Amino acid sequence: MFSLTPPSCGPGISAESNVLFYLSDAVTQLLEHGDLLSMLEYRSLLQLLCPDFPVEMVQSAARIVLMDDAIDCLMSFSDFLFAFQLQFYYQEFLDSVLLIYQDLLAGKSPNTVIVPTSTSIEQLPSVTAEENDKERQQQDGVEPSTLAQCVDALCDRFKHSHPPRSCMKEVLEETDKVCYYSFLMSLAKHETINQTI
């Protein structure tokens with residue numbers, strides 16, 4: 001069984017060497033035994049390398065793996081690693097895709113400007129009906145072809161790196177509806193993207 005307790009330093013062994021040995025041993029055990037760890041345990045492992053490592057990056061990777069359900073669940077090392085590296089390399093791009101996805105969920109075109117108008121109170125739908133519609137939309141996701149067009153346009157104007165367009169298009173063609181986190185998990189597990197990274 002995997003243990004998160006580092007071995008004690010022996011005579012003549014520096015603390016840094018001990019930490020590196022421990023981290024190497026921990027990762028080896030994860031790969032060999034397929035143990036599942038929580039988001040907090042992955043964060044602890046990363047903080048051994050970098051004490052001020054941002055917890056947000058680990059939380060984002062956990063949300064990708066767990067589809068934003070419950071980030072306190074256990075994850076396999078390979079799933080976490082793929083999601084973490086996707087998040088690490090393409091953070092700014094993925095943030096932009098999330099904004100586009102949210103706009104599509106709300107029924108807005110990501111490239112249009114909405115001018116507010118006055119509406120009488122009688123014409124506004126009830127809050128409960130709006131919440132039910134929003135929940136249903138989030139479970140259903142968005143049209144992959146629409147998201148693909150928006151992501152392609154984003155790639156044209158994006159200054160930073162992004163996953164290969166062909167890979168994103170391939171992932172989006174595999175489904176009738178796509179949710180944001182399922183899209184990211186598919187990208188994280190895509191062999192070509194992992195080779196590119």
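In what follows, residues are counted from 1 in the order of the sequence shown. It should be emphasised that the depicted structure is a prediction, and the values quoted were computed from it without experimental measurement.
Closest heavy-atom contact between Tyr42 and Leu37: CE1-O, 3.4 Å. Of all heavy-atom pairs between Val65 and Met185, the closest is CA-SD, 3.8 Å. Taking all atoms of both residues into account, the shortest heavy-atom contact from Cys150 to Ile100 is CB-CG2, 3.5 Å. Closest non-hydrogen pair, Ala188 versus Leu86, comes out as N-CD2, 3.9 Å. Nearest heavy-atom pair across Ala83 and Ala61 is CB-O, 3.6 Å. Counting all heavy atoms, side chain and backbone alike, Leu74 lies closest to Leu66 at O-CD2, 4.2 Å.
Heavy-atom neighbours of Glu191 CD from other residues, nucleotides or ligands within 6.0 Å: at or below the threshold of 12. Counted within 6.0 Å of CZ on Phe53, heavy atoms from surrounding residues, nucleotides or ligands total more than 12; the atom is thus considered enclosed. Within 6.0 Å of atom CG in Asp95, more than 12 heavy atoms from other residues, nucleotides or ligands are found, so the atom counts as buried in its surroundings.
Counting heavy atoms from C-beta outward, Cys155 and Met168 have side chains that approach closer than 4.5 Å. Looking at heavy atoms from C-beta onward, Arg43 lies out of side-chain contact with Gln59 at the 4.5 angstrom threshold. Using a 4.5 Å heavy-atom cutoff, the side chains of Lys189 and Asp79 are in contact. Within the 4.5 Å cutoff, no side-chain heavy atoms of Leu45 are placed close to those of Glu41. You'll find the side chain of Tyr89 stays beyond 4.5 Å of the side chain of Ser161, heavy atoms only. Within the 4.5 Å cutoff, no side-chain heavy atoms of Val142 are placed close to those of Lys177. Looking at Ile197 and Tyr90, their side chains come closer than 4.5 Å, going by heavy atoms from C-beta outward. Residues Thr196 and Pro163 are not in side-chain contact: their nearest non-hydrogen atoms beyond the backbone lie 4.5 Å or more apart.
Remark: of the listed residues Val151, Leu104, Val178, Leu104 is the sole one forming a side chain to side chain contact (heavy atoms under 4.5 Å, CB included) with Thr146.
A donor and an acceptor atom, one from each side chain of Glu92 and His162, are nowhere located under 3.5 Å apart.
Arg165 and Asp156 are joined by a salt bridge, as a carboxylate oxygen and a charged side-chain nitrogen come within less than 4.0 angstrom of each other.
Here CG of Asp52 is found 8.5 Å from CD of Gln47. Values are rounded to the nearest 0.5 Å. Taking CD of Glu173 as the start and OG of Ser145 as the end, the distance is 10.0 Å to the nearest 0.5 Å. How far CG of Leu184 is from OH of Tyr101: 10.0 Å, rounded to the nearest 0.5 Å. Interatomic distance, Gln91 CD to Glu56 CD, rounded to the nearest 0.5 Å: 9.5 Å. Rounded to the nearest 0.5 Å, atoms CG (Leu172) and CG (Leu187) are 7.5 Å apart. We find the CG-CG distance between Leu99 and Leu94 to be 11.5 Å, quoted to the nearest 0.5 Å.
A distance-only check finds no donor-acceptor pair linking the side chain of Asn194 to the backbone of Phe82 [under 3.5 Å].
Aromatic ring orientation, Phe80 versus Phe84: parallel (interplanar angle below 30°, classes split at 30° and 60°).
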- Any chance you could lay out the side chain to side chain contact (heavy atoms under 4.5 Å, CB included) test for Met39 and Arg63, step after step, and finish with the verdict? CA-CA 9 Å; Met39 187 264 313; Arg63 281 190 188 96; over 6 Å; no
- Task: For the pair Lys108 and Gln102, evaluate side chain to side chain contact (heavy atoms under 4.5 Å, CB included) and give the outcome as yes or no after the intermediate values.
- Result: CA-CA 9 Å; Lys108 297 187 276 184; Gln102 289 170 337; over 6 Å; no
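Tyr180 and Phe88 fall within a single hydrophobic cluster, where Ile, Leu, Val, Met, Phe, Trp and Tyr are joined by side-chain heavy atoms under 4.5 Å apart, directly or via other members. Leu40 and Val58 fall within the same hydrophobic cluster, defined by Ile, Leu, Val, Met, Phe, Trp and Tyr side-chain heavy atoms under 4.5 Å apart, directly or through other members.
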